[in-house]
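Right, one structure below, let's go through it.
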Amino acid sequence: MQWRRHVAGLTFSLVFVVSYFTNKFVLSVLKFRYPTLFQGWQTFVGALLLLLSGKFGWVEMNRITRSAALSWLPGSLLFVGNIYAGSRALSRLDIPCFFTLQNSSHVVSYVILKVVHREKMQWLKLISVCVMLVSAFNLPRYDPRFDLSGYMWAVAHLSCVGAYRVFQVQYKSSLLSDLEQQYINYVFSVLLLAAAAHPTGDLLGALEFPSLRSYMFHCGCCASALLGFLLLLATVKLKSGLSFEHYGAWTFLSKVAAIFLSPFVFYVDVDARSLAW
């Protein structure tokens, strides 16, 4: 029924906004900038909850074969790049800037589909891609709190997001459902991020984190992991009942809501020109 689709969309938007706000709070307000640990924690909890949900029959998950898991590893590698670079970027950029740049991931998808897969694109889509590209290029010029490192990580993030989107679409296999793909992503992320925690210095740095024993920090980390899992379930539920275009519309509306609500929650230093872009 139509009202159920609206409820699913509104639920998705609510969880989307609260999830990103929680991550932003931990990363920027509490300044816990150790992505191998933060994202490793989130993916570990996500994998555990997804496994338990499958065992209890709350979600439908089949046994994942070794060949299916290996064929999905390129996607998992892109997923790790996505969450690692995204965490770095979100910790340094305001939410409006972050989502404006993240939307440019469609430019990456367009280039890959055009150059590698030789797909034909409609003129309307080409124009929208050009508009997003112009916005992304001009945004740093009018950002009062320009952070080169944050923008570099944002470019890495949007590149992984765009490439992952293409890989997911081009991966034509009935062997893995969306939840099974995400479970592989979670497990691969936990292993890779755990291995990288010490070489990157995150492990030793976190031991000196001032708010390590703070109740607020513990609540933020637990909430971020739980909300990340709920966002996965809401995303899968929304995708199953809507077309790809309608799902994209709900995602866009959720980002718009996050952009407009973020100044009421976090300090955002923007001027009229940056808002225009």
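Being a predicted model, the structure only gives us computed values, none of them experimental. Note that the numbering runs from 1 along the sequence shown for the chain.
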### Query
R92: what forms a salt bridge (Lys or Arg N to Asp or Glu O under 4.0 Å) with it, not counting sequence neighbours?
D147

How about [X]: does its [atom1] atom have over 12 heavy atoms from other parts shown lying under 6.0 Å from it?
X: F252; atom1: CZ; answer: no
X: H246; atom1: NE2; answer: no
X: K239; atom1: NZ; answer: yes

Starting at [atom1] of [X], measure out to [atom2] of [Y] and round the result to the nearest 0.5 Å.
X: K255; Y: F98; atom1: NZ; atom2: CZ; value: 8.0 Å
X: W58; Y: L233; atom1: CH2; atom2: CG; value: 11.0 Å
X: I259; Y: T100; atom1: CD1; atom2: OG1; value: 5.0 Å
X: F25; Y: F217; atom1: CZ; atom2: CZ; value: 10.5 Å
X: W72; Y: Q168; atom1: CH2; atom2: CD; value: 5.0 Å
X: K237; Y: T11; atom1: NZ; atom2: OG1; value: 10.0 Å

Closer than 3.5 angstrom, by distance alone: can the side chain of [X] be matched with the main-chain N or O of [Y] as a donor-acceptor pair?
X: S87; Y: I83; answer: no
X: K24; Y: V29; answer: no
X: E180; Y: I64; answer: no
X: S104; Y: V107; answer: no
X: W250; Y: L238; answer: no
X: S19; Y: F16; answer: no

### Query
side-chain contact (heavy atoms from CB on, under 4.5 Å) with S105: which residues, sequence neighbours excluded?
L158, V161, R165

Which pairs would a plain distance check flag for residues 188-212, meaning a side-chain donor or acceptor within less than 3.5 Å of a matching protein atom at least two apart in sequence or in another chain?
unit_1, atom_1, unit_2, atom_2, d
S189, OG, N185, O, 2.6
T200, OG1, A196, O, 2.7
T200, OG1, A197, O, 3.2
D202, OD2, T36, N, 3.2
D202, OD2, T36, OG1, 2.6

### Query
When clusters are formed by joining ILVMFWY residues with side-chain heavy atoms under 4.5 Å apart, either directly or through shared neighbours, do L176 and L51 land in the same one?
yes

### Task
Tell me whether L77 is reachable from V155 by hopping between hydrophobic residues (I, L, V, M, F, W, Y) whose side-chain heavy atoms are closer than 4.5 Å.
no

### Message
Counting the benzene-type ring for Trp, do F21 and F266 have ring centres under 6.0 Å apart?
### Response
yes

